[in-house]
Amino acid sequence: DVQLQASGGGLVRTGGSLRLSCTVSGFTDDDYAVGWFRQVPGKEREAVSCIDSIDRSTYYTASVKGRFTISTDNAKSVVYLQMKSLKPEDTAVYYCAADPSQQPFYSTDDLYWLPDYWGRGTLVTVSS
């Protein structure tokens, strides 16, 4: 079974940094897209960033470009989301997700993606 285990959330002040980690296991093929979504209560879940595990193409939604960096350690099957210059509007539950075939795409600079596999969320709170 595919499993995604996220960690690294917490409380940080505006302007601070956090790094989220997600350990991926269970894919029979090493070629998949893995990334992060976030959700605020009462709002739809939004794609934040994702990366292709083989060619390492990266994707970011407009609101996090230049502040967040996604990367992978394929040897450990871990994907990281380094978040810098955090803002209160980044406060959300962040979810790790992956899919072997669904490709992300942009629509007016916002990232869209429909992965099938999800991990549990980790809460990120940015205080003002």
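Rounding to the nearest 0.5 Å gives a distance of 10.5 Å between CZ of F68 and OG1 of T61. Distance check, rounded to the nearest 0.5 Å: CZ of R67 to NZ of K87 gives 4.5 Å. A distance of 11.0 Å separates NZ of K84 from CZ of R19, quoted to the nearest 0.5 Å. The distance from atom SG of C22 to atom CZ of R120, rounded to the nearest 0.5 Å, is 13.5 Å.
Hydrophobic clustering, with ILVMFWY side chains joined whenever heavy atoms are under 4.5 angstrom apart, groups L123 together with W118. Follow the hydrophobic side-chain contacts under 4.5 Å out from Y59 and you never reach V79; the two are in separate clusters. Under the 4.5 Å side-chain heavy-atom criterion for Ile, Leu, Val, Met, Phe, Trp and Tyr, Y95 and I70 are members of distinct hydrophobic clusters.
Listed by chain and residue number, D99 satisfy the side-chain contact (heavy atoms from CB on, under 4.5 Å) test with S101 (two or more places apart in sequence, or in another chain). L11 pairs by the side-chain contact (heavy atoms from CB on, under 4.5 Å) definition with T125, S127, not counting sequence neighbours. Residues forming a side chain to side chain donor-acceptor pair (under 3.5 Å) with T91 (at least two apart in sequence, or on another chain): none. Evaluation of the ring-ring contact (aromatic ring centres under 6.0 Å, His included) rule for Y60 yields no partner, not counting sequence neighbours. Residues forming a ring-ring contact (aromatic ring centres under 6.0 Å, His included) with Y117 (at least two apart in sequence, or on another chain): F27.
Partner L81 forms a side chain to side chain contact (heavy atoms under 4.5 Å, CB included) with one of V64, L20, V124 and no other, that one being L20.
Across G8 and L18, no two heavy atoms sit closer than the pair O-CD2, 3.9 Å. Residue A92 comes nearest to V40 through the heavy atom pair CB-CG2, 3.9 Å, listed as atom of the first residue, atom of the second, then distance.
More than 12 heavy atoms of other residues, nucleotides or ligands shown are found within 6.0 angstrom of NZ on K65. More than 12 non-hydrogen atoms from other residues, nucleotides or ligands lie less than 6.0 angstrom from CZ of R56. Residue-environment remark: CD (Q82) exceeds the threshold of 12 foreign heavy atoms within 6.0 Å.
Residue pairs meeting the side chain to side chain donor-acceptor pair (under 3.5 Å) criterion with at least one member in residues 29-54, sequence neighbours excluded, are R38-E46, R38-S63, R38-D90, R38-Y94, Q39-R45.
Within the 4.5 Å cutoff, side-chain heavy atoms of C96 are placed close to those of V34. Using a 4.5 Å heavy-atom threshold, the side chains of V2 and S25 count as separate. Residues V93 and T122 have side chains not in contact (no heavy-atom distance under 4.5 Å, counting atoms from C-beta outward). Contact annotation: the side chain of V24 never approaches that of V78 to less than 4.5 Å [non-hydrogen atoms, C-beta and beyond].
A donor-acceptor pair under 3.5 Å links the side-chain atoms of W113 to the main chain of Q102, judged by distance alone.
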